[in-house]
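Each remark here refers to the structure printed beneath this line.
Side chains are part of it too, since the values below use all heavy atoms of this structure and drop only hydrogens, waters and symmetry mates.
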Amino acid sequence: MATANLLLHPVRLRILQTLLGADELTTAQLRDRLPDVSPATMYRHVGALAQAGILEVVREKPIRGTVERSYRVRQDKALVTPEARAGMTKDDHRRAFTVFTGAVMADFDRYLSRDDSEPAREGVLYRQGAVMLTDDEFTELVDEIEAVVARRTHTTPDDGRTRHIISLVLVPDKPAETDTRTDPRTDIRTGTTEATEGGPGDETASES
């Protein structure tokens, strides 16, 4: 596992997002998918991720006197450790979240910039819901969501599959002491929440 500073650098985060869901990619293929990142910057950040053990070299191919390496994400290492999270200040979380949401917005903008993008037909979703949970129930919910996504991460682009990006944000919504709230009822079809003022935990998921 790694630190937030290592994983949540804007360029490194995009490299990881590009590699996730792909079996393996070379640095040249990463440059094709991230054309706004210069070659020198790409090599530097791929090297940093590989040195940290987050990327592994799965293939080496000699090409014109050099070695072309194919990389894959080690998903068990591409996580911020609980110890590192515990040591993050509120400002650290603000900075990390800014980088994360910026990457989500960049992905969304790149999709909409394509001439062939069709958000309604292709099922673009951005939803928010709220649920009342104990700490144990919250842990179970996170495990369930991660397990559902993990079951789909090893599929290939065959049979007409399209790569989708799923972004998840879970934030406690602690009410003020004088606040009285009703239990929320989330409409899973639309992602809307029926409640007087909302619930204690907001779940935001974007898919594009």
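Within a 6.0 Å radius of CG in Asp115, no more than 12 heavy atoms belonging to other residues, nucleotides or ligands are found. Within a 6.0 Å radius of CD in Gln51, other residues, nucleotides and ligands contribute 12 heavy atoms or fewer. With a 6.0 Å radius and a threshold of 12 heavy atoms from other residues, nucleotides or ligands, Arg152 has its CZ atom at or below the threshold.
Across all their heavy atoms, Phe97 and Val169 have their closest contact at CE1-CG1, 3.8 Å.
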Side chain to side chain contact (heavy atoms under 4.5 Å, CB included) between Leu30 and Met42, worked out:
CA-CA 8 Å; Leu30 282 168; Met42 179 68 73; 3.9 Å; yes
Dump the intermediate steps for side chain to side chain contact (heavy atoms under 4.5 Å, CB included) on Val67 and Ile63, then the final yes or no.
CA-CA 6 Å; Val67 177; Ile63 296 180; over 6 Å; no
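When the side chains of ILVMFWY residues are joined at heavy-atom separations under 4.5 Å, either directly or via intervening members, Tyr126 and Met105 end up in two distinct hydrophobic clusters.
Among residues two or more places apart in sequence or in another chain, the side-chain hydrogen bond (donor to acceptor under 3.5 Å, both in side chains) test is passed with Glu146 by none. Applying the side-chain hydrogen bond (donor to acceptor under 3.5 Å, both in side chains) rule to Asp143 yields no partners; only residues at least two apart in sequence or on another chain are considered.
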Check: residues 129-136 side-chain donor-acceptor pairs under 3.5 Å, at least two apart:
residue : atom : partner : partner atom : Å
Thr134  : OG1  : Glu137  : N            : 3.1
Thr134  : OG1  : Glu137  : OE1          : 3.4

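Sequence neighbours left out, the pairs with a member in residues 39-57 that pass salt bridge (Lys or Arg N to Asp or Glu O under 4.0 Å) are Glu56-Arg72. Sorted by first then second residue, the ring-ring contact (aromatic ring centres under 6.0 Å, His included) pairs that include residues 26-51, not counting sequence neighbours, are His9-His45. Among residues at least two apart or in separate chains, salt bridge (Lys or Arg N to Asp or Glu O under 4.0 Å) pairs with a member in residues 94-105 are Asp91-Arg94, Asp92-Arg95.
For the atom pair CD of Gln29 and CG of Leu19, the computed distance is 9.5 Å after rounding to the nearest 0.5 Å.
Using modelled atom types, no side-chain atom of Tyr71 and backbone atom of Leu49 make a donor-acceptor pair closer than 3.5 Å.
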